[in-house]
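Worksheet: one structure, shown below.
Values below: all heavy atoms of this structure, side chains included; hydrogens, waters and symmetry mates excluded. Residue numbers count from 1 along this sequence. All figures in this text were calculated on a predicted structure; none of them were measured in a lab.
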Amino acid sequence: MSKKRSLNSAEAGNIYFNLAKTRLANGVSLEFSQVTKNKELRKYLETNIGNINKNFGIFSSLLLEDNLHVPQLLNTLVTNSTVAPI
């Protein structure tokens, strides 16, 4: 039987910092995928969003196992607009 290993503060801090960067990358990818006219670029960004969400889930679960705070994704701050700002 294996004992559950807790994260030390450096590990938790690094995971949290990387989750914060990941949520920014997710928001930017989502924003640009909505407004780009290039279909190839849109497909790339949508694939990127899928990978980001997968990684975000994996790393956030590590923090949640130790009852630590997980940063929220920025998706709720992105509008549904498909028109690029001027």
Exercise. Between N51 and K54, is any side-chain donor less than 3.5 angstrom from a side-chain acceptor?
Worked result: no
Problem set entry | Joint cluster assignment, F59 & F17, ILVMFWY side-chain distance < 4.5 Å | no
Exercise. So among V70, L62, L68, which one has a side chain to side chain contact (heavy atoms under 4.5 Å, CB included) with I15?
Worked result: L62
Donor-acceptor contacts, no H, no angles, side chain residues 40-47, under 3.5 Å, sequence neighbours left out:
residue	atom	partner	partner atom	Å
R42	NE	S33	O	3.0
R42	NH2	T36	O	2.1
T47	OG1	K43	O	3.0

For this session: Heavy atoms only: give me the nearest R23-Q72 pair and the separation to one decimal.
Result: NH1-O, 2.8 Å
For this session: Measure from the side-chain N and O atoms of N14 to the backbone N and O of A10, and report whether any donor-acceptor pair falls under 3.5 Å.
Result: yes
Exercise. CG/L19 to CG/L24 distance, rounded to the nearest 0.5 angstrom?
Worked result: 12.5 Å
Seminar exercise, completed: Nearest heavy-atom approach of P71 to A20 is CG-N, 4.2 Å
Exercise. So which heavy atom on S29 is nearest to which on N48, and how close?
Worked result: OG-ND2, 2.9 Å
Problem set entry | Gap between atom OG of S61 and atom CZ of F56 - 0.5 Å precision | 10.5 Å
For this session: Give the cluster check for L63 versus I52: same hydrophobic cluster or not, with ILVMFWY residues linked at side-chain heavy-atom distances below 4.5 Å.
Result: no
